[in-house]
Visitor: 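Below you will find the structure I want to go over with you.
Start at 1 with the first residue, then count along the sequence. Atoms within a ligand are numbered from 1 in the order they appear, just like the ligands themselves.
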Amino acid sequence: MPKTSSKFYVTTPIYYVNDVPHIGHAYTTIAADVIARYKRLEGFEVFFLTGTDEHGQKVQQAAAKLGISPEEHVDRLHQRFKELWTRLGITHSDFIRTTDERHKKVVREILTRLHDEGEIYRDSYEGWYCTPDERFWTEKDLVAGNCPECGRKVEKIREHNYFFRMGKHQDWLAGAIRDDERFIQPASRKNEVLGFLSRPLEDLCISRPKERLPWGIPLPFDEDYVTYVWFDALINYISIHGSLEEIRKSGFWPADHHLVGKDILTTHAVYWSTMLKALGLETPKNIFAHGWWTVNGQKMSKTLRNAVDPHRLIELFGVDVLRYFLMREVPFGQDGDFSHKALIGRLNSDLANNLGNLLNRTVNMMKKYFDGQVPEPAAKGEEDAPLAARARDVVAEVRQGYEELAYSRILAKIWELVDQTNQYIDKTGPWNLVKTEDGKKRLQTVMYNAAESLRTLAVLLYPFMPDSANSIVKQLGVAGSVEAMGMASVEAWGGLKPGGWVEPGGRLFPRIEDKEAEKILARLEQPGEAPPRATGDGPEPISIEDFMKVDLRTGKIIEAERVKKSKKLIKLRVDIGTEVRQVVAGIAEGFAPEDLPGRTIILVANLKPAKLMGIESQGMILAASNNGKILLAGFGEEPGKGIRVK
Ligand code: MSP
């Protein structure tokens, strides 16, 4: 069944589950959310997909480091993305994980089919392998002998593997990209892909031997291999809709937009398109590669601890401010440098001064001049027509902007209407009009028009700032939500019903005054201010010098007694050879005091003394808690007292 025009499908990349979500990830997901919300306003049935990419070497290694299974690891970690999307008001229709059975089933179906049709074959292979990137490179790809993508060392590997006949689609793909302006955007990126395709396109190695990498989807036709993580991951865009048959019937294929970062354009434009071609499916209508956010000109990375944490920004400035800033500051497709200062600047000028003030003064004047009721227009003036005309133009330009995903331009256009409405109020001067009877008639129209402009603005702003947009219509006394009003409600001027009661609701965007801003900036821009480490990351690596700062000593417990009124604490006297230390330990739930004297323990001997329930503790003993069972660290053989443990 051909795709009906009322269905719209947008995707984000599926994020590596190991990464701590930062503003780079939030960026694509917000961009997808904006277009999804906009299309819903236009009346489309929208499917918006995001998710996590959960197979591969890095996940396996990280899980092994933590001593847990990869399944347990990914079950924990993918939550971080779900939590962030909830906080950011993301309205995805579904969240796919590549470990979902529904996904794995379709991957197996596709592999079997391509293998049966001879599109996948087995061959021996020799190549340069980059373990961190899980990619093979040919000799000529290498840069100074290293991985061309990450610059790290590569290893020469010779093994049997399975290959997808990608190379044979080269001419078709180059033609398809060249002939369809919308297929790969922006144009500069399209040219990069064409450049890549001007060199011979090789077949794609789509397997990894299980003995080297067991964490993946086993090949249905050879259990000794698992599927290459990219081949597995790209299929998410269709596996969400079910089997190949069901995808065709869903009406959601081809996708309208795959939003991706510039670093993963080749895998989408080349691997994914040729995979679809081999399956007889259409290619997506558009793959849009956006740029990267840097921080002080540097790439965000775990090692540099400079990743900007969206949670932090939400706490400080609010969700809508973050959504607005990311979409407004940098044209979609270009790189940008993140700066808290620029964010505060936009919050103060665009949001608080221009938009917030417009709402405030309009609602307050209606309260003051009309007892809080939206007046009926009564007397026209020369200022009215230009405002209504501008609103109509802006609606048209916004619609056009979405065709090109020109988010920043769309917002700039919307602000033209904000500015013009502020000027309209300044020019007409309600505070003078109120002084005469004729003036009051004119004032009715002026206030109505200002409110109608704000209602239009709320609809246009909704995809970017949904909560603020709904708050604007509420303050204007409009019944119902912006979602229910839709874009159709702003096609013609005059949709606002007079007679509604305004509800002044306080400032939409509180200004951050200079002093406050300075404080925030000083705190945020200190080097080392890093996102909170998430569950599953494990502690930061430390150097041997750092470790050696901890003075671990053997000691013998000579006395033990319960701390009164405490269920957990035992007071110990521990002999560490040179002296006897008083130590308060939280081990009472695992040991009776009488069982402790005579035991050798390990003491952190240079911990600053601390008071626990008023009793000084001069060190800490090492213990482990296994499902609530407390075990003391010790030795198989008696080591003697006061020995340094390293
Ligand atoms: N798992 C793959 C995608 C598979 S899609 C079938 C992957 N994951 S990722 O987590 O590393 O990256 C996901 C997206 O985040 C990419 O589009 C990438 O460009 C984007 N970003 C990561 N860091 C970014 C910035 N600093 N700035 C903007 N986007 C960035 O690749």
Visitor: Looking only at distance, does Gly261 have an N or O less than 3.5 Å from an N or O of ligand 1?
Guide: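 There is such a contact, yes.
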
Visitor: At less than 4.0 angstrom from any non-hydrogen atom of Tyr237, what atoms of ligand 1 do you find?
Guide: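 It comes down to these atoms of ligand 1: 5 (S), 6 (C).
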
Visitor: Can you tell me if Glu71 has over 12 outside heavy atoms packed within less than 6.0 Å of its CD?
Guide: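 Yes, CD of Glu71 has more than 12 neighbouring heavy atoms, counting only those of other groups under 6.0 Å.
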
Visitor: Counting both backbone and side chain atoms, is some N or O of Asp263 under 3.5 Å from an N or O of ligand 1?
Guide: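 Min N/O separation from ligand 1 is below 3.5 Å for Asp263.
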
Visitor: Under 4.0 Å from a heavy atom of Tyr15: which atoms of ligand 1 are those, numbered in the order shown and with their elements?
Guide: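 It comes down to these atoms of ligand 1: 10 (O), 13 (C), 14 (C), 15 (O).
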
Visitor: Under 3.5 Å, is there a donor-acceptor pair between the Trp128 and Glu139 side chains?
Guide: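 Judged by distance alone, the side chains do pair up.
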
Visitor: Regarding ligand 1, does Trp293 bring an N or O atom to under 3.5 Å of one of the ligand's N or O atoms?
Guide: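 For ligand 1, there is an N or O atom that lies under 3.5 Å from one belonging to Trp293.
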
Visitor: Any chance the side chains of Arg208 and Tyr228 put a donor and an acceptor closer than 3.5 Å?
Guide: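 Side chains of Arg208 and Tyr228: no pair found under 3.5 Å.
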
Visitor: For Pro13, take its heavy atoms, then give the atoms of ligand 1 lying under 4.0 Å from any of them.
Guide: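 Atoms satisfying the 4.0 Å criterion: 5 (S), 14 (C), 17 (O).
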
Visitor: Side-chain donor-acceptor pair under 3.5 Å between His258 and Thr11, yes or no?
Guide: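 Yes.
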
Visitor: Which option, Met300, His25, His22, owns the non-hydrogen atom nearest atom 23 (N) of ligand 1?
Guide: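 Shortest heavy-atom distance from atom 23 (N) of ligand 1: His22.
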
Visitor: Between Pro13 and Thr28, what is the shortest heavy-atom contact and its length?
Guide: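 Shortest heavy-atom contact: CD-CG2, 3.6 Å.
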
Visitor: Strictly under 6.0 Å, is that where the ring centroids of Trp230 and Tyr271 end up?
Guide: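 No; Tyr271 has its ring centre 6.0 Å or more from that of Trp230.
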
Visitor: How about Thr52 and Glu54: does a side-chain donor come under 3.5 Å of a side-chain acceptor?
Guide: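 Yes, side-chain donor-acceptor contact under 3.5 Å.
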
Visitor: Distance under 4.0 Å to a non-hydrogen atom of Asp53: what atoms of ligand 1 satisfy this?
Guide: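 Within the 4.0 Å cut-off of Asp53, ligand 1 contributes 1 (N), 2 (C), 4 (C).
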
Visitor: Among protein heavy atoms, which sits nearest to atom 16 (C) of ligand 1, and what does the distance come to when rounded to 0.1 Å?
Guide: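 Minimum-distance protein heavy atom for atom 16 (C) of ligand 1 reads Ile264 CD1, 3.7 Å.
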
Visitor: Using a 4.0 Å heavy-atom cut-off, which part of His290 comes near ligand 1: side chain, backbone, both, or neither?
Guide: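 Answer for His290: side chain.
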
Visitor: Looking only at protein heavy atoms, identify the closest one to atom 9 (S) of ligand 1 and say how far it is in Å.
Guide: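 That would be Tyr16 CD1, 3.6 Å.
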
Visitor: Testing the 3.5 Å rule here: is there a donor-acceptor pair between the side chains of Thr98 and Asp232?
Guide: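 Side chains of Thr98 and Asp232: no pair found under 3.5 Å.
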
Visitor: What is the nearest protein non-hydrogen atom to atom 22 (C) of ligand 1, stated with its residue, atom name and distance?
Guide: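 Sorting protein heavy atoms by distance from atom 22 (C) of ligand 1 puts Trp292 CZ2, 3.8 Å first.
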
Visitor: Mark up the atoms of ligand 1 that fall under 4.0 Å of a heavy atom belonging to Ala233, in ascending order.
Guide: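 So the atoms of ligand 1 that pass are 6 (C).
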
Visitor: Can you list the ligand 1 atoms lying under 4.0 Å from a non-hydrogen atom of Gly291?
Guide: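 Near Gly291, the atoms of ligand 1 are 28 (C).
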
Visitor: Can an N or O of Lys262 be found at a distance shorter than 3.5 Å from an N or O of ligand 1?
Guide: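 Between Lys262 and ligand 1, no N or O pair is found under 3.5 Å apart.
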
Visitor: Could you pull out the closest heavy-atom pair between Ile247 and Ser250, with the gap in Å?
Guide: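 Looking at all heavy atoms of both residues, the closest pair is O-OG, 2.8 Å.
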
Visitor: If only side-chain N and O atoms count, and only distance matters, is there a donor-acceptor pair under 3.5 Å linking Asp263 with Trp292?
Guide: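 Indeed, the side chains of Trp292 and Asp263 share at least one donor-acceptor pair under 3.5 Å.
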
Visitor: To which of Asp232, Thr28, Ile14 does the heavy atom nearest atom 3 (C) of ligand 1 belong?
Guide: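 Shortest heavy-atom distance from atom 3 (C) of ligand 1: Ile14.
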
Visitor: What do the steps show when you test Arg135 against Tyr129 for side chain to side chain donor-acceptor pair (under 3.5 Å), and what is the final call?
Guide: CA-CA 6 Å; Arg135 271 178 90 163; Tyr129 192 65; over 6 Å; no

Visitor: Counting each atom of ligand 1 from 1 as listed, which ones have a heavy atom of Asp19 under 4.0 Å away?
Guide: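 The atoms of ligand 1 under 4.0 Å from a heavy atom of Asp19 are 10 (O), 11 (O).
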
